[in-house]
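Each chain gets a letter, A, B and so on, in the order its sequence line appears, and its residues count up from 1.
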Amino acid sequence: MLLWMLILLPAIAGGLCYLIPSDDERIVKMFGILVAVATIVLAVVTRNAEVSARWLSRPFEANFHFGATPISFWIVLLLTISTASAVLATKGPRQRGLIALLLLLEASMLAVFLARDLLVFALGWDLMLIPVFFCLVQWSEHAQTAWRYFLYNFAGGLTLLLATAAFGMHVGTTDVIGRSDVHVIGSWAPWILAGFAFAFLVKTPVWPLHTWMPATYTDLPPPMVAVVSAVQSKAGLYGFIAIGMAFLPDYMKQYAGIFIVLGAISLLYGALVALMQTDAKRVVAYSSLSHLGLIVVAVFAFNAVALQGAVVYIVAHGLFSAAIFLLLGYVEEREATRSLLQLGGLGADNPRLAGALCIAALAALGLPGLAGFVGEIVIVTGIFQAGMVWPAIVALVAIVLAAAYVVRLFQGLMNGPGVPDLPVRRDLTWIEGLAVAPLLAALVVVGIDPKPLLSFDTSAYAVSAHGAPVASARISR
Amino acid sequence: MNPTPFGHADWAAIVPPAIICLAALLVLFVDLVSRECVNRYVAISIGLLGALAAAWITVGQYGHNYSAFAGGFVTGGFTSVFEGIVLIALAGSLILYGAIGRDDRIAGAVALMMWSAAGAMLMAGAANLMTIFLGLELLSLALYCLCGLSDRPGAKESALKYLILSSTASGFLLFGMAMLFGASGSVMLADLVNPALLATPLFWFGGGFFLIGLAFKLSLVPFHSWAPDVYEGAPLPVTAFMSVATKAGTLAVFARFLYAALPNGSGHTLMLPIWVVAGISMIVGNVGMLAQHDLKRLLGYSGIAQAGYILTSLAGATALGLRYAIYYLAAYTLMNLGAFAVAAALSTDGEEGSLLVNYRGLARRRPVLAAAMTLFLLALAGMPPTAGFLGKILILASSVNAGYAWMAGLLILGTAISLYAYAKVIRAMYEPHSVATHDARPVTPLAWLSLTVCAVVVVAMTFYPITPSDVLPLVK
Amino acid sequence: MSGALPVAIGNYLGLSTAIFFIGVAGVLLRRNPLVMLMSIELMWNAANLLFLAYARVWLNNAGHIFAFLVITVAAAEAAIGLAIIVTVFRTRANVDVDEVHALRG
Amino acid sequence: MHYPLLLAIWLLPLAGAILCWFLGPQLKGAAGWLACAMLGLSFVATMLSWSSGTQHVAGHEGAHQLLGSWLPGFDFGLLLDPLSLIWATIITGVGFLIHLYSVGYMHGDRAFARFFAYMNFFVFAMLTLVLSDNFIGLLVGWGLVGLASYFLIGFWFDRPSAVAAARKAFVINVVGDVGIMLAIFILFANLHSLSFADVFAGVGSLSTGTLLAVCAFLFVGAAAKSAQVPLHTWLPDAMEGPTPVSALIHAATMVTAGVYLIARCAPLWSHSSGAQLLVGTIGGLTALAGAILGTAQWDIKRILAYSTMSQIGYMIMGVGVGAYQGGVAHFFTHAFFKAQLFLASGLVIHALANEQDVRRMGGLAKKLPFAFVAMGTGVLAICGIPPFSGFFSKDQVIYGTLAHGHPWLYAVGILTAGITAYYMCRLLFVTFFGEYRGDVDPSYLGIRHPELAGTAAHEAAPSTHDHAPAWIMSVPVGILIVPTITIGFLMAGGDRSWWSRFFAAQFPAGHVPATAISELQTTLIVLAVVVAGIGIAVWRYATRTAQDDAVERLRAESVHMPAILSNAFYFDAALDMLFVRSSQLLGTFFGRTLDPQVIDGAVREAAWSAGKLGTIVRWFQTGLLRTYAFLIVVGAACFIAYYALAGGMH
Amino acid sequence: MTALWWLIAIVLIATAVWTISASKPVYSVVALLAHFLALAVSYIMLSAEFLGVIQIVIYVGAILVLFVFVIALLSSGVASFSVGPNRMKKGVWPAGIAVAVAFGLMTWKLAGVVASPKVGGSLSTVPGTAGAFGSVADFGKALFTTYLLPFEITAFVLMVAVIGVILLAGDRSVHDPSPKRAALVRREMREAILRGGEE
């Protein structure tokens with residue numbers, strides 16, 4: 001019951017935001033914050049809950065079956081926390097619409113990550129595109145951006161749909177997420193995998209399907225991009241783990257080379273491009289390409305250690321990218337620019353802002369003691385253990401590049417001589433600080449003790465505990 | 001000797017279309033006795049009441065299988081479902097007349113639309129070639145007139161085009177029927193189930209010509225070209241009606257032909273061209289939408305593609321495929337009617353609200369209408385949380401299952417293209433920069449009702465996917 | 001009058017097919033809507049001829065009924081068609097369907 | 001085995017850092033004292049742990065404290081054994097003195113509290129590094145000290161040069177981190193554990209190649225952190241940081257982390273002669289290169305920086321070839337005398353309002369006698385004049401190379417000792433002897449960009465603000481003089497020395513073959529070379545004639561400085577060209593051309609094609625009735641053709 | 001009989017071709033009249049004398065008269081049946097080829113159907129007997145019994161025609177071509193005249 005509430009609450013509240021008669025946007029914001037906090041509580045409370053309601057019995061069985069898995073629980077927690085942060089960070093005259101869209105986005109992504117049914121997963125997948133599209137339509141200056149976002153991701157959504165339909169017809173049910181006894185084999189299976197994989201690769205994104213991403217991240221308002229980069233981009237990775245590895249491991253392994261190469265290219269490519277961007281948001285956008293490429297490689301290493309690292313890094317990346325985007329939003333709001341060429345020296349007058357950005361940025365470059373490091377080191381250890389030396393080396397090169405571009409970003413904003421003709425500065429207000437504080441705190445906590453995130457049972461996924469991947473011996477249904 | 005061999009049950013079978021026909025006469029009669037001309041709401045109300053009554057009877061007939069008039073008309077689940085869809089289309093379109101059209105023509109227009117609907121309903125139950133032909137002609141002839149009943153530029157032109165092209169297509173249909181009659185010696189569809197027929201080319205050509213005629217009505221490429229022009233030129237309620245009722249009636253005939261009238265083993269070979277043109281339609285229809293400036297025209301192209309989607313579900317002639325085709329048809333009816341209802345709500349006395357330029361910044365001026373339009377467009381595009389989404393899934397599942405994965409692939413490709421066109425409208429509505437346009441009249445309560453019903457049902461159908469389970473046994 | 005067919009049924013088929021396609025050609029090639037309408041009548045009548053020929057072959061008067069219905073519908077269709085043609089062309093200089101192309105694209 | 005006091009040693013500085021960071025505005029000047037107190041307590045705890053750190057329990061050495069585990073193989077704990085004890089003592093002890101010094105040095109800086117937060121954080125990070133009982137913990141500390149170093153180098157972050165130096169230091173250090181990571185991956189892939197105990201126990205199962213790879217990658221980390229060629233270029237630039245930072249981080253502690261790493265991994269190196277050769281060679285090269293470059297510097301801190309690099313080269317050479325005790329001994333003495341040298345130079349800089357160019361100094365022995373004494377003892381120590389501490393440790397290293405079979409390194413060590421003596425005395429003489437040249441026009445002295453001379457007036461601006469009491473800065477320096485002079489006696493006495501016994505269990509003395517030159521002979525040779533070096537320095541800078549035309553001579557030396565020396569062997573340029581520029585070029589190409597034009601271009605092209613298809617569809621939609629009829633008939637013809645061909649196949 | 005049939009067939013083809021190729025619509029009507037008459041004869045030859053009569057009554061008596069009326073009505077305009085520029089010149093040959101190919105393929109395939117196919121129609125359900133086949137009585141009985149429903153539907157088809165034509169013809173509002181459009185029409189007319197009245 002509480003689980004139904006968890007999913008429906010933000011959906012209904014998102015609609016209600018438009019209906020609140022008051023003209024005072026602060027009331028809307030209070031409402032939004034209350035709802036967002038409530039979802040955090042509900043997400044924690046319903047950790048082990050499951051609900052199910054029949055949807056289809058033909059042509060295949062499908063149920064509105066929800067419930068967190070050991071992996072998705074953390075992503076759901078990340079989602080609820082980052083949404084709360086984002087709602088807290090909304091500002092400006094069009095707050096109402098933004099809060100409503102954030103809550104609707106949360107609802108749709110909750111459906112994705114809590115879904116135990118593939119069809120519900122696909123439903124949520126398409127649904128979560130819509131709020132972002134609306135946000136782009138209303139906030140973006142560039143007409144192209146919304147198109148890129150929507151068309152790329154919708155194309156992915158369609159192949160997902162097709163694959164889901166084929167999966168359902170093949171297996172007879174789509175109520176499978178979290179089960180480990182369903183394996184799809186046969187001549188269809190590679191095509192089903194292809195359908196899923198395209199959707200996941202676009203969503204993540206992975207080179208060369210990424211060109212929607214920098215523009216989208218740049219044009220979305222900061223609270224929205226925080227949630228999108230933190231959580232929405234993880235849907236693809238989660239899909240690879242929860243669907244690809246669980247149900248199509250043989251074919252995942254068979255074609256792993258392609259994905260590893262794409263992931264490795266993303267890893268290096270994103271880092272190199274991020275190195276030379278002058279728009280702060282684009283730096284972070286391309287860094288996401290790089291970081292998420294690492295997770296793709298980790299997933300396809302089929303190694304228990306790498307998989308556990310991937311889960312940590314999914315959460316870690318969510319936390320620090322959300323924090324960075326929110327903080328960059330504050331900077332942009334104050335200085336009306338986010339060009340590294342025009343900004344500088346903000347640290348002197350804004351120590352709190354600088355400190356917060358510093359923590360987030362350090363997590364991004366994998367500083368030991370913060371969550372990013374745990375993810376990186378565990379992933380690369382696992383990759384290396386799986387015998388994938390070259391991807392591991394590429395990852396390490398990318399870590400060096402990450403240090404370079406993150407430091408460049410941080411110094412470009414915060415260090416150097418102050419730029420005199422920037423507007424009057426104001427350090428973080430307490431409410432702004434409150435918005436990023438949970439994210440930063442989580443980064444530290446996970447960085448020091450990631451054990452809860454790491455300690456899920458990897459045996460449900462066809463990974464090897466040591467050394468090279470093993471062939472899956474289990475057979476379908 | 002009984003002058004007519006038909007009893008009570010036979011007459012009961014055709015009560016729904018008969019009610020509609022007679023209600024149409026009543027509208028005309030009321031118009032005749034009115035001092036000046038009948039109040040438009042009175043005319044519409046009579047029509048709606050007739051539709052309601054017919055719907056009531058139709059629901060009652062659901063599940064009661066009876067072959068009336070020596071096989072001329074059968075009742076049962078299949079017929080009832082299609083009749084119901086036609087009635088929904090009729091009711092939804094009649095409501096649109098509340099805002100559009102000249103007062104002095106309203107009675108005639110309502111009556112014609114109702115006869116047209118009766119034609120579609122006859123097609124739904126038709127089990128012999130004669131009823132099919134007459135139902136189709138009743139539907140079409142009324143529509144020719146309806147298209148021309150407007151002062152808007154283009155209305156007459158659309159009527160002319162529709163008339164000439166449709167009559168030509170009817171010629172093909174008729175010639176096909178003649179050859180089928182020649183091959184089988186019977187006008188009963190059921191008599192076509194005879195493997196011996198496969199030996200004669202007469203059957204193949206007859207079937208082919210028959211299918212050409214149906215493909216025209218379904219506006220499949222390359223028989224589609226009338227659709228955008230006629231949809232654009234016709235008055236808005238007529239376009240709304242035509243877009244769904246024609247499809248519903250024709251699909252009923254098509255499905256009955258496919259499921260109940262084919263010799264065993266000929267399905268694939270005979271139908272292959274239809275599946276091919278359906279596949280092409282999904283691409284061409286969606287591509288055609290890309291650069292349109294008028295909602296009706298856009299939906300005209302959309303209809304071309306949507307017909308392809310529905311046929312994708314029927315490909316392979318599986319039992320599930322028919323159920324999902326009906327599901328999608330019902331969903332399509334509602335979303336299309338909803339979209340037209342929004343356009344009608346934006347119409348003024350002089351101008352129909354179908355020009356896309358009027359939609360820029362609509363979300364600011366009429367947020368609820370914009371939201372409703374968004375919902376319907378998303379449904380047409382197959383996005384959740386609408387029946388369009390689930391319908392697509394079901395269609396994909398059924399076509400993949402039936403071995404027509406290539407059609408599923410084309411469906412995916414076409415949908416991807418279509419999204420741009422739909423999203424363009426959505427985008428225009430939600431643009432922050434609003435364009436000041438004429439102010440539309442307030443929406444009538446009846447129109448609100450229909451909008452709400454369409455929206456609620458389109459969403460609810462996603463989560464409670466009722467697909468008629470006992471259709472197939474009754475199709476024969 | 002229940003003698004055998006005067007010629008083989010194949011001849012009827014050929015004849016009606018020929019008339020049908022002459023009608024099709026008329027629709028395609030002529031620009032006068034009235035002639036187009038007449039061409040459509042040709043097509044329909046070709047079908048009628050076939051119906052009657054096969055009614056004779058099968059000794060099934062359903063073909064007769066069908067042909068009768070077609071004639072009736074054709075009358076209705078011609079009436080509506082002519083009315084539409086009149087409304088479209090009575091204000092135009094040319095009675096030519098090529099002149100009517102405001103709806104396109 | 002739990003030893004909770006370890007937690008206190010480890011976490012007290014962290015507590016200080018957090019308190020100083022968050023309560024900085026409230027604490028104001030008290031932040032310095034708070035930081036000192038925290039560190040002092042940590043030092044006391046270290047001292048109290050001395051016995052525990054050297055105990056032997058059940059085959060294990062030292063004190064151990066378990067912290068937690070991430071995954072099987074990723075277990076964490078703290079370990080205090082003789083090696084880490086030595087480091088912890090230096091870190092907390094010397095660190096405490098430098099903190100104290102900083103209270104005076106940084107007085108009046110507007111980010112006073114932040115400075116101490118960083119300093120305490122650094123100590124915490126360094127303790128993490130040396131107290132960790134596994135590679136991951138070591139890596140954590142490794143990264144964190146790099147971060148602290150980054151913060152402190154860029155402490156005055158409104159100065160572009162400081163910002164650039166900080167970035168450079170950080171990125172090069174990350175290269176080092178990555179090297180260690182690679183080593184970790186290889187170890188984990190082979191041994192499935194990362195604790196020192198497990199790894200060293202399993203070292204025998206590694207193949208020679210694997211072991212060499214592990215050592216080589218570990219050494220990449222060591223080289224980056226300890227400024228070994230070619231990853232040393234950040235160290236001279238790091239002098240942009242405040243002088244106490246240079247003393248603590250870039251002289252005494254952090255830069256010796258590489259030495260610690262190799263000493264810690266002695267079981268690995270002992271099994272790999274290839275690694276020994278590699279590391280010894282690089283260490284020797286670094287020692288020589290640092291010394292040579294030290295002769296060509298004019299900035300007082302840069303001279304000390306190159307000398308640091310050179311001395312660490314010695315240490316690395318020592319631990320690399322297997323003379324672990326010698327290398328660690330040199331670290332131990334170097335920590336004292338180099339800290340003292342830096343602090344003394346800080347006194348000079350402080351007194352001269354941030355002047356750092358030795359050419360503009362001169363004759364300071366009279367003005368700043370205490371600084372002169374401090375600097376002088378430090379120079380004697382670094383030159384290796386008996387009985388100063390450097391004498392004992394350096395000899396151990398030089399002789400160790402020979403004893404472990406590396407005569408070339410032995411030669412390099414001796415040569416470097418001479419050069420070291422030369423440039424350190426040069427520093428001493430130019431700074432403290434002769435006449436004060438601060439009022440001479442900079443261009444007369446050959447200073448190329450007079451406006452850039454020194455590092456400008458950012459540093460603390462001591463002359464304008466009220467001075468802190470002088471003893472705060474003098475006392476720590478004074479205290480340091482004592483070990484600088486005396487600590488070497490711990491190592492006196494060869495195998496029977498206290499030092500040897502202390503490390504007997506840690507570094508078991510292997511079989512050392514007899515050498516051609518005995519240890520005593522070595523000492524004499526080194527002494528002779530050192531005296532020669534001092535002699536040259538005296539001849540060039542300290543004779544009466546040299547002092548009389550000091551201005552002229554300094555200008556001549558400046559102007560005629562060989563380009564290869566003034567550009568520091570072009571290391572910077574080469575690294576820049578190879579890695580930085582190429583990455584930037586690639587990044588620009590990808591970001592400006594490939595991404596928007598090729599990849600996105602292809603997508604746009606596809607979208608455009610769809611739009612084009614749209615126009616084709618519209619083109620068929622002519623509006624002409626006959627076109628539509630034509631389409632229908634063509635379609636019908638296709639149908640008919642199909643049925644004509646397919647209809648008969650039954 | 002056979003000779004008559006061939007004669008009728010030739011007349012049918014010839015008049016059909018004449019219908020679609022006549023230069024004036026009136027000629028087309030005349031040709032169509034001849035066609036319908038020949039068709040009526042051939043219906044009678046197929047034992048469908050009632051249909052033959054109906055063909056004459058309805059087609060000739062009603063439909064063709066309507067055509068003539070409309071021709072007269074439209075001829076009273078400015079320039080009777082003047083033809084504008086051909087906008088689909090390029091389509092003529094492809095259209096002709098398409099039609100010819102379709103026709104050719106069909107005849108090629110149907111040529112095999114010489115005699116009545118030996119497939120069973122459900123003759124037992126057919127009302128009427130061979131002796132009375134095609135008679136008015138036979139026809140009427142079938143129409144009012146078995147095919148009562150289609151017959152009823154035609155009532156509404158005709159109703160639609162009546163109401164529809166009334167509505168269309170009773171439309172008082174004459175759509176005025178816009179001035180721009182009128183100018184275009186005039187220009188096209190002039191062009192047609194200058195080209196010397198093609199077709």
Side-chain angles (χ1 to χ4, degrees), chain C residues 1-2 6-10 13-15 17-19 21-22 24-26 28-32 34-35 38-39 41-42 45 49 52-53 55-61 64-65 67-69 71-76 78-80 82-87 89-96 98-99, chain E residues 1-2 5 9 12-13 16-17 19-20 25 28 32 39 43 45-48 51 54 58 62-63 66 70 73-74 78-79 81-84 87 95 99 103 106-107 110 113-116 121 126 128 130 133-134 138-139 142-143 147 150 154 157-158 161 164-165 168-169 171 174-175 185 189:
Chain C
M1 295 287 283
S2 60
V7 289
I9 184 68
L13 261 178
L15 177 62
T17 310
I19 297 174
F21 279 101
I22 291 169
V24 171
L28 278 184
L29 299 174
R30 295 307 301 266
R31 290 187 277 157
N32 187 318
L34 294 167
V35 180
M38 288 185 239
S39 303
E41 299 293 349
L42 281 178
N45 275 291
L49 180 60
L52 292 177
R56 181 69 189 73
V57 167
W58 294 102
L59 290 178
N60 182 346
N61 62 7
H64 293 193
I65 306 289
F68 172 74
L69 298 176
I71 291 172
T72 318
V73 173
I80 293 172
L82 289 170
I84 289 172
I85 289 171
V86 168
T87 57
F89 289 99
R90 72 180 164 197
T91 57
R92 288 176 191 260
N94 295 340
V95 182
D96 179 354
D98 277 13
E99 297 292 300
Chain E
M1 286 292 273
T2 313
W5 190 89
L12 281 174
I13 300 284
V17 172
T19 305
I20 69 158
S28 291
L32 202 55
L39 215 47
Y43 288 176
M45 287 168 71
L46 282 167
S47 329
L51 264 294
I54 290 291
I58 295 185
I63 300 179
L66 265 182
V70 170
L73 184 68
L74 290 175
V78 186
F81 300 109
S82 60
V83 171
R87 293 176 192 277
V99 171
F103 175 65
M106 263 190 87
T107 18
L110 289 175
V113 189
V114 254
S116 48
V126 176
F133 182 76
D138 177 46
F139 177 88
L143 188 62
Y147 302 109
T154 47
V157 170
L158 292 173
V165 171
L168 285 168
D171 193 351
V174 173
H175 171 59
V185 170
M189 223 168 78

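The minimum heavy-atom distance between C:Leu69 and E:Pro150, with the atom names listed, is CD1-CB, 3.5 Å. Counting all heavy atoms, side chain and backbone alike, C:Met38 lies closest to E:Pro25 at CE-O, 3.8 Å. In terms of heavy-atom proximity, E:Leu168 sits nearest to C:Ala83 at CD1-CB, 4.2 Å. Nearest heavy atom pair, residue E:Ser28 against residue C:Val35, reads OG-CG2, 4.0 Å. Closest heavy-atom contact between E:Thr19 and C:Arg30: O-NH1, 4.4 Å.
Comparing E:Val165, E:Val157, E:Thr154 by heavy-atom pairs within less than 4.5 Å of chain C, the highest count is held by E:Val165. Counting heavy-atom pairs closer than 4.5 Å to chain C, the top residue among E:Ile63, E:Thr2, E:Leu51 is E:Leu51.
Contact annotation: the side chain of E:Leu143 approaches that of C:Phe68 to within less than 4.5 Å [non-hydrogen atoms, C-beta and beyond]. Annotation: side chain of C:Leu42 is in contact with side chain of E:Leu32 (closest heavy-atom distance under 4.5 Å). Looking only at side-chain heavy atoms (C-beta outward), C:Leu34 and E:Leu74 come within less than 4.5 Å of each other. C:Leu49 has its side chain within reach of E:Tyr43: a pair of non-hydrogen atoms, C-beta onward, lies under 4.5 Å apart.
Distance check, rounded to the nearest 0.5 Å: CD1 of C:Ile65 to CG of E:Asp138 gives 8.0 Å. The distance from the CD1 atom of E:Ile13 to the CD1 atom of C:Ile22 is 4.5 Å, given to the nearest 0.5 Å. Taking OG of E:Ser47 as the start and CG of C:Asn61 as the end, the distance is 11.5 Å to the nearest 0.5 Å.
Contact of E:Ala62 with chain C is not made at all, since no heavy-atom distance falls under 4.5 Å.
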